[in-house]
Amino acid sequence: MRVSLDTRDFAKYPFLKESQQFMLQNHESVDTFLRSGPGKVALKYAVERIRRALSPAGHTGEGEDPSLPSDNLGIRLEVSSYALSRILVSCAKDRALIDRLTRFEAERAFGFLEYEEEGKRGYIARQVGFTLEKSALSVSRYVEVTAGMREERWRLVNREIHEGQVILESLEAEELLKEQIRVTLHSQLPLDVPSALCSDLVPYVIRVQEAFQQRMIEDYGEVDESCFPPCMQALVSALSGGMNITHSGRFALTAFLHNIGMDSTQIVELYCRAPDFDVGKTQYQVEHISGRGGAGTEYTAPSCAAMRTLGLCTKADGACGKVNHPLNLYRNRKRGAGAPIQKKKEP
Ligand code: SF4
């Protein structure tokens, strides 16, 4: 079925090929565009777009401005800010940042999709690879879309399957459509941006990285060692006890401490407790993991699944529950939920 899109749809769904074609009408190269007046404005919009993706409201769509531009220039800025935000997070080389941006874009697009008539909804869903046959998805497609969904109800063993198709309630189909948008956008990142272009964009990339670090500090507040997840507590205890920890253990702990807002000096001080402490080497490693050295890649602490693979998950106090990331457990504990189990006092 033919569906007609209007220019406002390009602003709502900037990932559509039609939106990209609309942007290419001027036949400008990215460099020429970025040097132009509208290009500079679009870069500011792109930084702002990433800031919105980082804000807590950004994930729920609550922060979305319901007034979309209706003039051609406004729409061009909206679509180009989408494209440029992808370039900026690709230059930042930070998976957590890419994750935040793609979640935000999926929420944003889905917020608009909910109000579209069926024909247009179906068309846009198909563009991101989501085709529902009679409220069911083929098993292989289902497994692909739900790979990042942790709730028990999404596990294949808990689903009704009929002739190779997973049956879905209509609200579930909606959730999966949003997830499919996220998965599709995530699979396209990072972009292979020429290093010369990334160099030109350094001031904007730094703004984005600073905004992300600030967000992390706001999310996690003051560092509180008593709220550390058991795996990280075990690594700190090993250091304090004068034991050497493995390379992957160091990586996990350093990335975790950096992610919760500890500065490089404090992290290096913690490593002073290690028997093989070498200040220069430690400083180099910490700077590297926190993105201030080498290729500028900022790392995020490994997920629980990765920690298990590395043999670093301890689950010692049994209080981890269903968290899938040590950072989530730390945040929950800081907010008072999932507090560590208090040991009974000796009589
Ligand atoms: S379940 Fe996750 S948070 Fe808990 S100890 Fe294992 S890796 Fe750490």
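Atoms within a ligand are numbered from 1 in the order they appear, just like the ligands themselves.
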- Query: Within less than 2.8 Å of atom 4 (Fe) of ligand 1, any N, O or S from Cys313?
  - Reply: no
- Task: Could you tell me which atoms of ligand 1, counted from 1 in the order shown, lie closer than 4.0 angstrom to a heavy atom of Pro229?
- Result: 3 (S)
- Message: Could you tell me, atom by atom, which parts of ligand 1 come under 4.0 Å of a heavy atom of Pro326?
- Response: 3 (S)
- Using a heavy-atom cut-off of under 4.0 Å, does the side chain or the backbone of Cys231 touch ligand 1, or both, or neither?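 Both of them.
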- Query: Is ligand 1 under 4.0 Å from a heavy atom in the side chain of Met307, in the backbone, in both, or in neither?
  - Reply: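 Only the side chain of Met307 comes within reach of ligand 1.
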- Message: How about Cys304 and Cys320 - are their SG atoms less than 2.5 Å from one another?
- Response: no
- Message: Please check this pair: side chain of Gln283 against backbone of Gly280, looking for a donor-acceptor N/O pair closer than 3.5 Å.
- Response: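 No, the answer is negative, given that no donor and acceptor are paired below the 3.5 Å cut-off.
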- Hey, are Glu174 and Ser170 close enough side-chain-wise for a donor-acceptor pair under 3.5 Å?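 Per modelled atom types, Ser170 and Glu174 side chains form no pair under 3.5 Å.
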- Task: Among Gln127, Arg108, Glu116, find the one that has a side-chain hydrogen bond (donor to acceptor under 3.5 Å, both in side chains) with Tyr13.
- Result: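 That would be Glu116; it is the only one of Gln127, Arg108, Glu116 passing the side-chain hydrogen bond (donor to acceptor under 3.5 Å, both in side chains) with Tyr13.
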- Query: Is any N, O or S atom of Cys304 under 2.8 Å away from atom 2 (Fe) of ligand 1?
  - Reply: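 Yes, Cys304 qualifies, because one of its backbone or side-chain N, O or S atoms lies under 2.8 Å.
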- Query: Roughly how far apart are Gln21 CD and Leu16 CG, rounded to 0.5 Å?
  - Reply: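 Going from the CD atom of Gln21 to the CG atom of Leu16 covers 10.0 Å.
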